[in-house]
Amino acid sequence: MDLFGDLRRMNKRQLYYQVLNFAMIVSSALMIWKGLIVVTGSESPIVVVLSGSMEPAFHRGDLLFLTNFQEDPIRAGEIVVFKVEGRDIPIVHRVIKVHEKENGDIKFLTKGDNNEVDDRGLYKEGQNWLEKKDVVGRARGFLPYVGMVTIIMNDYPKFKYAVLAIMGAFVLLKRES
């Protein structure tokens, strides 16, 4: 498998064709992602469960499908994905209490099913409740353990690059045959 030799033997037209093919695949994936954002109303319509805090409902590596329609009220018992100021990674937990004020403002408290205490310790300092603006989406469905690939690639970055290199080599070699 002389990958670089194969690249050198390609004429310019074949190389341009490969680059355009790759660009089309990437742009198609981005268009699908943006389309999902519009259809679901969620900035991140698909997320991976990263911890065991929601077991037995969801396990580490489960892939969640989210929606975030603003007109739907948040109810106790719903599983929401939320972001906390100062943290990059969204959290998947269940709403345990909802407080609705007379003016229509809603505040709510969350907790992981497998956790002993509520999430106030996870919120930013001085924050005791979440608001609708903190919600990334609500779980509407899931595929068990499909997200383990993402977790493995994040935990072992060298593995990620090896998989990408193998896939790239496979595509280049497949085109020649």
Side-chain angles (χ1 to χ4, degrees), residues 22-101 103-157 159-160 163-164 167:
F22 181 73
M24 284 176 43
I25 291 168
V26 170
S27 63
S28 294
L30 288 172
M31 284 189 287
I32 290 169
W33 183 257
K34 289 294 184 182
L36 282 172
I37 289 171
V38 169
V39 169
T40 63
S42 174
E43 69 183 65
S44 184
I46 299 172
V47 295
V48 176
V49 177
L50 298 176
S51 75
S53 67
M54 279 303 292
E55 290 180 3
F58 299 121
H59 294 86
R60 187 172 194 254
D62 287 355
L63 193 69
L64 300 183
F65 301 101
L66 309 178
T67 62
N68 194 23
F69 303 118
Q70 294 301 315
E71 62 274 2
D72 291 344
I74 292 175
R75 292 182 165 63
E78 264 191 311
I79 296 171
V80 297
V81 178
F82 60 92
K83 276 190 174 177
V84 176
E85 196 175 310
R87 292 181 184 249
D88 295 331
I89 299 172
I91 300 168
V92 179
H93 281 172
R94 189 178 305 274
V95 175
I96 58 171
K97 287 183 185 175
V98 177
H99 286 282
E100 189 169 354
K101 294 183 179 180
N103 65 2
D105 287 346
I106 295 175
K107 293 190 176 192
F108 56 94
L109 181 63
T110 56
K111 176 185 172 294
D113 290 356
N114 202 21
N115 293 349
E116 296 292 324
V117 296
D118 62 41
D119 290 343
R120 286 186 175 132
L122 298 175
Y123 305 159
K124 74 176 183 177
E125 193 173 327
Q127 182 180 8
N128 291 321
W129 301 90
L130 292 175
E131 298 174 18
K132 256 189 162 178
K133 68 175 177 57
D134 300 313
V135 175
V136 173
R138 303 169 199 198
R140 299 297 186 208
F142 76 103
L143 287 174
Y145 302 110
V146 174
M148 283 306 289
V149 173
T150 303
I151 291 173
I152 290 168
M153 287 192 177
N154 282 332
D155 289 351
Y156 305 101
F159 177 73
K160 173 174 46 179
V163 168
L164 288 173
M167 287 171 52

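Numbers for residues simply follow the sequence, beginning at 1. Keep in mind that what you see is a predicted model, and the values were worked out from it rather than measured.
For the pair V47/L66, a side-chain contact is recorded, criterion being any heavy-atom separation below 4.5 Å from C-beta on. Between L50 and V48, some side-chain heavy-atom pair lies under the 4.5 Å cut-off. Two residues are said to be in side-chain contact when any heavy atoms from C-beta on lie closer than 4.5 Å; I151 and M148 meet this criterion. In this structure, H59 and V49 have side chains that are not in contact, with every pair of non-hydrogen atoms separated by 4.5 Å or more. Residues R140 and T40 form no side-chain contact, since every pair of their non-hydrogen atoms from C-beta on lies 4.5 Å or further apart. Between E43 and K83, some side-chain heavy-atom pair lies under the 4.5 Å cut-off. Side-chain contact check for V98 versus I106: some heavy-atom pair is nearer than 4.5 Å.
The CG atom of L64 sits 8.0 Å away from atom CD1 of I79, with the distance rounded to the nearest 0.5 Å. A distance of 7.0 Å separates NZ in K132 from CG in D72, rounded to the nearest 0.5 Å. To the nearest 0.5 Å, atom NZ of residue K124 and atom CG of residue D134 are 8.5 Å apart.
What you find for R94 and M54 is that their closest heavy atoms are N-SD, 3.9 Å. Counting all heavy atoms, side chain and backbone alike, I91 lies closest to L122 at CD1-CD1, 4.1 Å. Considering all non-hydrogen atoms of both residues, E55 and R60 come closest at OE2-N, 4.2 Å. In this structure, K107 and W129 approach most closely via the heavy-atom pair CB-CB, 3.7 Å. When every heavy atom of Y123 is checked against every heavy atom of N128, the shortest pair comes out as CE1-O, 3.7 Å. Across S53 and H93, no two heavy atoms sit closer than the pair OG-NE2, 2.8 Å.
Atom CZ of R75 is surrounded by 12 or fewer heavy atoms from other residues, nucleotides or ligands within 6.0 Å. For E71, the CD atom is densely surrounded, since the number of other residues' heavy atoms within 6.0 Å is greater than 12. Around CD of Q70, the count of heavy atoms belonging to other residues, nucleotides or ligands within 6.0 Å exceeds 12.
Annotation: side chain to side chain contact (heavy atoms under 4.5 Å, CB included) contacts of D105 (sequence neighbours excluded): K101, N103. In terms of the side chain to side chain contact (heavy atoms under 4.5 Å, CB included) criterion, residue partners of F65 (sequence neighbours excluded) are, by chain and number, I46, L63, L143.
Look at D119 and R87 and you find no salt bridge, because none of the NZ, NE, NH1 or NH2 atoms lies under 4.0 Å from a carboxylate O.
D62 places a side-chain N or O within 3.5 Å of a backbone atom of Y145 that can act as its donor or acceptor partner.
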In residues 27-39, what donor-acceptor pairs under 3.5 Å come from side-chain atoms, sequence neighbours left out?
residue	atom	partner	partner atom	Å
S27	OG	A23	O	3.0
S27	OG	M24	O	3.1
S28	OG	M24	O	2.8

